[in-house]
**Student:** 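Below is a structure I'd like to ask you about.
Letters go in sequence order (proteins before strands), and every chain restarts at 1. Note that these values count all heavy atoms, side chains included, but never hydrogens, waters or copies made by symmetry.
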Amino acid sequence: MDDSARRLLQRIMRRIPAQMLKPTLDKWGRLTAAQRQSMDFTESKWALTEKLLAICEENEMTVKHITELEMIHVIENPDHCMWYALQLMDPEEDVHSVELTQFKEQFKSHLRELIRHVSIKIKKHTDEAVWIRIAWGDSFSRPNHLKPTYVVHHLQTPYVFVTSLTSKLKPLLSQALVLSTRYQAIKDASLSGRKLTAIRDLLMRQYQQVFPTKYPSPLAENDQNASNILINKEQAELAASRHQKAREAFGDGMLPQLQSAVYKLETKFRDHTNKTMTEREEAFRCVVKFASTNLLESLRHCASSGIASTPGTSLLSSIPLKGRNYFVITDNSPGPSSQTRQPSN
Amino acid sequence: MERLQSSVVRTPPNSTVVQRRSKSYRQSYRSCLGAPSRLGLTPGLTARRLNSSRRALKSHVITEKVNPEHLALLVKTEWRLSYVTPLHQFRHTQLKRYSRQLSAFIAAEKQQGVAMEVEGSQSGFRVSFSVVQGLAATDDDAETVLIQIYSTPVFARQDEPQKSVWSGWLTCINGNPEYLESLPKGFTCLPLFGGSGAEVLTSLVKSWFQRTFDCCFGPLEINHTSLQWLAALWTNCHTESNLQHLKMIWTLPVVPPLQVTYTVNPQDAWELWMSVRKDRLERTEEEAEAGSIDIEEVVRFVQGLKSHFYRHFRLDLSAGNLNQVSTTLGSAKSSGKIKISNSRYMITTLTLLTECALLKMPI
């Protein structure tokens, strides 16, 4: 086992939390029953790492085998790195006939054409997602397994999620993806976050949506805050309609756990109390960043508690509507309520 | 702000007590601000707040007046602020003695078992008190005192530079002259304290001061009015020193809490500020007012920023708390942390903070 394989194994062992070690190693399936028994999972992680290194030496494992272990871990816990969403554009006619084996072969061959030294591993996960691990090398050096890029693509959707990717390598990956999926172009979807599940759910609208209806049924209010009956009677209708609008704008139940949204504003300053600034020709440049442990939950609460008024037409509702969390707003761009996304099929 | 308001309501019953004591004890700071109120029962209701107008941030080139080493230390660190009540029998001439006493105190506490997280548990501490000359703005201000604690490792070489593990200072810049003059003899007023380093050492230094000089320390938060003042004062300096950005951080009280970071291009912020000032300068014709800034202008400036935000997001930032204001000139957090990154504006920023400290003192 060479040095890079040892380093990679040590790094993976550091990343995997102690309680996940046994299930991950079992899933990997490269240890014999005797070796599995010899690992005492109550020992410290450092001791276990040494033990595992010894076992891998015994089995004469190579870097390829170790990368399998890493991939298993990342697929189980995708939330430790930043994910960026990309969207494939302009499908060709035969886009629907792309199936797994064809995609795998095409992707590997296209990427290998573009860059000589590259190590690709493709795995299909249970929920229709194809996971790709890419270790990049260049014309002089072997692939660097310590800085891999992970790509997740759901076949039959135009969405692709990638982790760290330098700007030099991005066009190569984009080209390979476009050719193997039978689309014509790929663009940045302006959506990023730490939780893969969250950005995937947001983009593919896999959370509970509430559609506007003309006669919404009355919400069942819980009576915990029934302090003053008269106040509650006055406020009940207003509160109910605020709740309904909040749910229409952001969704119901558990919302995808997005952490932040960034708006770059380049619009003119307009305030009737300040004549000088309103007459100014240039844009008022500022950047606003919203951050929270669960951003959509916070925004929904802003809408239902009244801190945010008219949530349906504000820029904030564009986050779930358009499935993005990076926006550049200028005076010429259309308002948020006038655009909807094309449904993906 | 709630604290200020509640104590305004409280002061009427207390004011009579204060008046009786004022002959032999130091006067309440608040009673000084409203001179006529000293005689009457109603306290200076109007006086119980920060100055509503102050001189514009003048850049004071203090690099010549102040020791550059001291200045470098003051400028590159983020300080945690406290207010301090006046010190009894503090002598600027006795600093060497105080250094020895504080070192001994820290060593004694360590022996008693107070845990110190400073690296090198075997090392001792050497304390150094020094005077930072040149910061005091008026004759009434006491000179700023700087305290530094170095760790002395047991097996140190002769020429090894000692590592500073804690620093702090006490200062009074442009303190209210009426109050300072009303202090009885023997009291030195250095109401603003800043410390940076291990929390254990900060509390040891504070308890030593409390024992030796019969004073009281308390946390000094920077309330949102002061933060707005700093935002406006710093923006005012954009022509002299490039701000690079005006960043404000609000927290909205939703579940889970939402943090909004609003970063404005400095040139645009400055133009907004100037437009607010222009309106006011046009209305008042007096030239003498041109150098000073009113609280109304500050409020209108921040209100303008908030309304631009509202126009886009339909979120009223007033529903939240302003937690932090920062530019390249410095950053201020509502929890009471300040960093002054440019020495030119140190005097005026410290003046504002001295005022906050004097106001927050319980007597």
**Student:** How many angstroms lie between atom OG of A/S317 and atom CZ of B/F313, to the nearest 0.5 angstrom?
**Tutor:** 11.0 Å
**Student:** So which part of A/R300 gets closer than 4.5 Å to some heavy atom of chain B, the side chain, the backbone, both or neither?
**Tutor:** neither
**Student:** Which distance, rounded to the nearest 0.5 Å, do you find between the NZ of A/K289 and the CD of B/Q259?
**Tutor:** 8.0 Å
**Student:** Flag the one option from A/K275, A/R280, A/E297, A/E282 with the top tally of heavy-atom pairs under 4.5 Å to chain B.
**Tutor:**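 It is A/R280.
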**Student:** Of the listed residues (B/M274, B/E271, B/M248), which shares the most heavy-atom pairs with chain A below a 4.5 Å separation?
**Tutor:** B/E271
**Student:** When heavy-atom pairs shorter than 4.5 Å are enumerated against chain A, which of B/I249, B/V260, B/V264, B/T261 gives the highest number?
**Tutor:** B/T261
**Student:** Dump the intermediate steps for side-chain contact (heavy atoms from CB on, under 4.5 Å) on A/F290 and B/L315, then the final yes or no.
**Tutor:** CA-CA 12 Å; A/F290 293 92; B/L315 265 183; 3.8 Å; yes
**Student:** State, with a plain yes or no, whether a side-chain heavy atom of B/T263 is found less than 4.5 Å away from one of A/C286.
**Tutor:**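 No, too far: nothing below the 4.5 Å cut-off.
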**Student:** If you measure from CG on B/L272 to CZ on A/F284, what distance do you get to the nearest 0.5 Å?
**Tutor:**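 So the CG of B/L272 and the CZ of A/F284 are separated by 5.0 Å.
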**Student:** Under 4.5 Å from any heavy atom of chain B, what part of A/A261 do you find: side chain, backbone, both or neither?
**Tutor:** neither
**Student:** Need one label for A/K264: side chain, backbone, both or neither, based on atoms under 4.5 Å from any heavy atom in chain B.
**Tutor:**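 Neither part.
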**Student:** Just so I understand: if I count every heavy-atom pair under 4.5 Å between each of A/A291, A/S292, A/S260 and chain B, which residue has the most?
**Tutor:** A/A291
**Student:** Taking only residues two or more places apart in sequence or in another chain, which ones pass side-chain contact (heavy atoms from CB on, under 4.5 Å) with B/V255?
**Tutor:** A/H301
**Student:** Below 6.0 angstrom between ring centroids: does that apply to A/Y263 and B/H312?
**Tutor:** no
**Student:** With distance as the sole test, does B/D268 use its side chain to make a donor-acceptor pair with the main-chain N or O of A/R285 at under 3.5 Å?
**Tutor:** yes
**Student:** As an exercise, state the distance from CG of A/L315 to CZ of B/R314, rounded to the nearest 0.5 Å.
**Tutor:**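 One finds 9.5 Å between CG of A/L315 and CZ of B/R314.
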**Student:** Has A/S298 got a side-chain atom pairing as donor or acceptor with B/P256's backbone, closer than 3.5 angstrom?
**Tutor:** yes
**Student:** Examine whether an atom of A/T267 lies under 4.5 Å from a heavy atom of chain B, and if so say whether it belongs to the side chain, the backbone or both; otherwise answer neither.
**Tutor:** both
**Student:** For chain B, which candidate among A/D271, A/L265, A/T293 shows the most heavy-atom pairs at distances under 4.5 Å?
**Tutor:**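 Highest number of heavy-atom pairs under 4.5 Å: A/L265.
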**Student:** Distance check, rounded to the nearest 0.5 Å: A/F269 atom CZ versus B/S275 atom OG?
**Tutor:** 7.0 Å
**Student:** With rounding to the nearest 0.5 Å, note down the distance linking OG1 in A/T276 to CZ in B/R277.
**Tutor:**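 Here the interatomic distance stands at 13.5 Å.
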**Student:** Taking side-chain hydrogen bond (donor to acceptor under 3.5 Å, both in side chains) as the cut-off, I'd like each qualifying pair that reaches into residues 315-330 of chain B, sequence neighbours left out, listed once.
**Tutor:**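 As it turns out, the side-chain hydrogen bond (donor to acceptor under 3.5 Å, both in side chains) pairs with a partner in residues 315-330 of chain B, which skip direct neighbours, are B/T251-B/N323, B/K306-B/S318, B/D316-B/S318, B/N323-B/S334.
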**Student:** When you look at CE of A/M254, are more than 12 heavy atoms from neighbouring residues, nucleotides or ligands closer to it than 6.0 Å?
**Tutor:**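 12 or below, so no.
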